[in-house]
Amino acid sequence: MGGLLARASRWVMTPILVKELRATFRGWRFYAAHGVVLSLFALILLITLIVWMTEPDPNPSKVGRVVFAMFAVFQAVLVVLVLPAFGCTSVVGEKERKSFDLLLTTTLTPAEIVWGKFTATMTYSCLFLISTLPLVSIAFLFGGVSLVDLGFCYAYLLVSSVLLNLYAVFISTTVKTSQRGVVICYLFLAPLVIALGALGVLLAEKYLERLLNGRAAELTFDFENTFEAVLRLGAPAFLYAALLGFFFLSATNRLKSPTANHSTSFRIFYVLLVAGAAWIALWLMETSPGKMAFHDRLTLALAYLYGIGAFGIFSQVFAAEEPVLPLRLRTQVGRMTGVRAALRPMMPGSVNGAVFCVLVNGLVLAASVLPLWYGVLAPESFPAPPGVHAEPGSAHELARAVPFTAACIFAFLCLLSGAGVLFSTMFRRTSTAKGMLGLLLLAVLLVPLIAWLVVVQDMEDGVPKPYGIAVTNLPMALVTVWFGLEQKPIVPFAFNLHGRSIPYSAAFCGAHVALGLGLFLWGMLRRRRLVQRAELGPTALAEGAKG
Amino acid sequence: MIETTNLTKRYGPMRALDGLCLKVEKGDIFGFIGPNGAGKTTTIRILATLLGATSGDALVCGYSVRRHPKDIRRMIGYMPDSFGVYEEMRVDEYLEFFAAAHGIARGSRTKVVSDILALVDLGHKRESLIGQLSRGTQQRLGLARVLLHDPQVLLLDEPASGLDPRARIEIRELIRELGRMGKTILISSHILPELGDLCNRVGILERGKLLHQGTLSEVASRLREGRWVQARVARDPERAVAALSASAEVQEARLEGDMISVRLRDGTGSVAGVSDLLVREGFGLLHFQEEEMDLEQVFLRVTRRAGTAALRAKPPQPERPERGS
């Protein structure tokens, strides 16, 4: 028992946390930043108050609500724009101070170091958030807001700052200078903020409506049914937890000894990710209301799987056993031709890692596209050859499912690889090329998220309307916007191209392959020009081959 | 205590370490010397489990750097050539932090810190802010830090670099004291006379290869290729060289300035025989001494040879065009 307590205390008041707090609170910078933020807050609230008080016939409860809303908005700005700055320089600061190696040669585990840094940044965040609390009491003078509002606001800010701070600490483990840490942290912040915003809207859509109507105290998580609860709360929460897990594991992995095992924790993570996503997908199908059609339920579940799969690939870029893109990416990928070049960006350094990641992602992608071809969802979108009568779910349909699945995976690989080849010729630094590929994958990840939001927003009595997941990734979004949907099923049957009907399947593969090939050709053209300009001359290529 | 087997580290096409085989026994103070870029720091970082080897393995206290990095970290105290300190912290807070990081129980931390501070003679600076300490005192604090968890092996990379002579002497005395306490110490340094004074064994590293290792006298005698004597005579040194060359006890004799260098024949040559000959022939012996090499001479001779060998082995390089041509 005593041993357990001692072990637990090592995680609560970690040596790193104690050290960070001592170092921070001995200096003047934190107090200066704190003072500036508090003064700004006070000024903004004061101006808001004066503006609204000078309105003719001011409604006190409305003034209270506006002041509270301003407070919440600026707290969110603080969490998003100011607080990650502490985290993104935390580990890299040790490197710059040349004290990093000293930490690594102690018996502190990488997880303890990351946890210590994270808890320190969370302490700063909490200090900032709590110290602004007295300012919001002005809103309570006027009424219109309740403690429930305040509680909800703070809970959401806390959830956001946990994710953003852990993300910032992760970034700080990947860079070599604080300056670069700050730039990269804020560069990739937008997708996370969008995701957090989406989570907020999913959770608080009804609440916000009530807040604006002055009935905020009625906040309850009164979901229409279990299905809606899973849709609004369970599924986003799982993705949130997956992001936290990914950032923590990645940060930890980067601090491990070069000879330590870097892959087992990630393999367990991927297995849990796939299993968890599959469980939620099944739950969505099981708990959906009776009036929702089977193919709509299935599509919703698959869309979720697709989103998680895209996240899996995104995480693979950063977190595989060795970098997915080789260190000498610019020369190596530039030297390769054909299939090898096309596949390289998807391959982690080790053979085991490559097999595992491709298998897992292949399974997720296959699981998300197989039933499409199976004909359960929208048989009209996969027309049988002329003269063949194919019932949905028949053996004939199934026989065509395998090549279509393979084609879809190949199309997806084409897109990523084409982008990889292009980026390899565009940037001198591997990290920049990786970052850009990561952004592309984030875009792939974000589109299903937004589609998810659209579906949940348009629910009627806890049941999604029969459309919404028309787009499941970026190329599909482009096709959808460009050509317009012919019909509005949950999955589009076909697209109208100058009066000709293009099946969904063909559009899916075509869009991916075309975009991927375009990027690949662009990359090859750029490479040729680089060779001509001797920036990537034969010597560099030969060195790349040796390396 | 430390043993490396064919340890190789590559950075792209460059080999920082090339099949290094090193052995440091328990209680040794092993001086690791070599020019810049020889691979000293790379070796020490691999031993400290901060860097992975491309091939080969190293054992520290019987643990492999590949398989047991965690165990090794418990056994070693690592001090890099330049390290940062937390300037806003006090000396005792700094040491208590690292004591906690090494898992020393809260109850015994204060005593451990006091003992270590007394050992490195920093007790009077206990409550000083680290940022206000001199470079030498910070270096002593660094040594105190590596001793907190009572490691068996100390890996010290250039511990005296950038220090003034007084601080250097203090650090040297401290290391000697640690050696007396039974610690196994691997120390790299550029200040060769000090290493020669401090270490009982040395290893000379050049371009990632260990050229020689052993006690200083072993390495020196191996390099001298026999025993050498130096003499100065008052009359006719050329004739003295001729007389010595004709002697059965002498392998080789040559005149270097006004000094005669004599290499004794293995087995038969004796120092007394040579001095007798010079006195007997009436050359007027002014100076007579058996040659002893200090670490600096050993180092220069080894690295000069290695450099010449490398130049011989290297194929001629095509001339590079001038910039802008």
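So you know, we letter chains A, B, ... as the sequences are listed, proteins then strands, and number each from 1.
Among the candidates B/H149, B/R145, B/E96, the residue making the largest number of heavy-atom pairs closer than 4.5 Å to chain A is B/R145. The most heavy-atom pairs under 4.5 Å with chain A, out of B/P80, B/S82, B/A48, come from B/S82.
Nearest heavy atom pair, residue B/F97 against residue A/L103, reads CZ-CD2, 3.5 Å. Closest non-hydrogen pair, B/R74 versus A/T107, comes out as CG-CG2, 3.5 Å.
You'll find the side chain of B/F83 stays beyond 4.5 Å of the side chain of A/S99, heavy atoms only. Taking the side chain as every heavy atom from C-beta outward, A/D101 and B/R45 approach each other to under 4.5 Å.
Using modelled atom types, no side-chain atom of A/T106 and backbone atom of B/F98 make a donor-acceptor pair closer than 3.5 Å.
Between the side chains of B/Y86 and A/E20, no donor N or O sits under 3.5 Å from an acceptor N or O.
Looking at B/V146, there are no atoms closer than 4.5 Å to chain A (heavy atoms on both sides), in backbone or side chain. Neither the backbone nor the side chain of A/E96 has a heavy atom closer than 4.5 Å to any heavy atom of chain B. Contacts of A/I113 with chain B are absent, with no heavy-atom separation under 4.5 Å from either backbone or side chain. Proximity to chain A (any heavy atom under 4.5 Å) is shown, for B/L50, by both the backbone and the side chain.
Applying the ring pair (Phe, Tyr, Trp, His ring centres under 6.0 Å) criterion to B/Y63, with sequence neighbours excluded, gives B/H68.
For the atom pair OG1 (A/T105) and CD1 (B/I72), the distance works out to 12.0 Å, reported to the nearest 0.5 Å. One finds the NZ atom of A/K98 at 7.0 Å from the CG atom of B/D81 (value rounded to the nearest 0.5 Å). Rounding to the nearest 0.5 angstrom, the gap separating the OG1 atom in A/T109 from the NZ atom in B/K70 is 7.0 Å.
Residue pairs satisfying the salt bridge (charged side-chain N to carboxylate O under 4.0 Å, His left out) criterion with at least one member in residues 21-34 of chain A, sequence neighbours excluded, are listed as follows: A/R22-B/E93, A/R26-B/E93.
The environment of B/K183 atom NZ is dense: over 12 non-hydrogen atoms of other residues, nucleotides or ligands sit within 6.0 angstrom.
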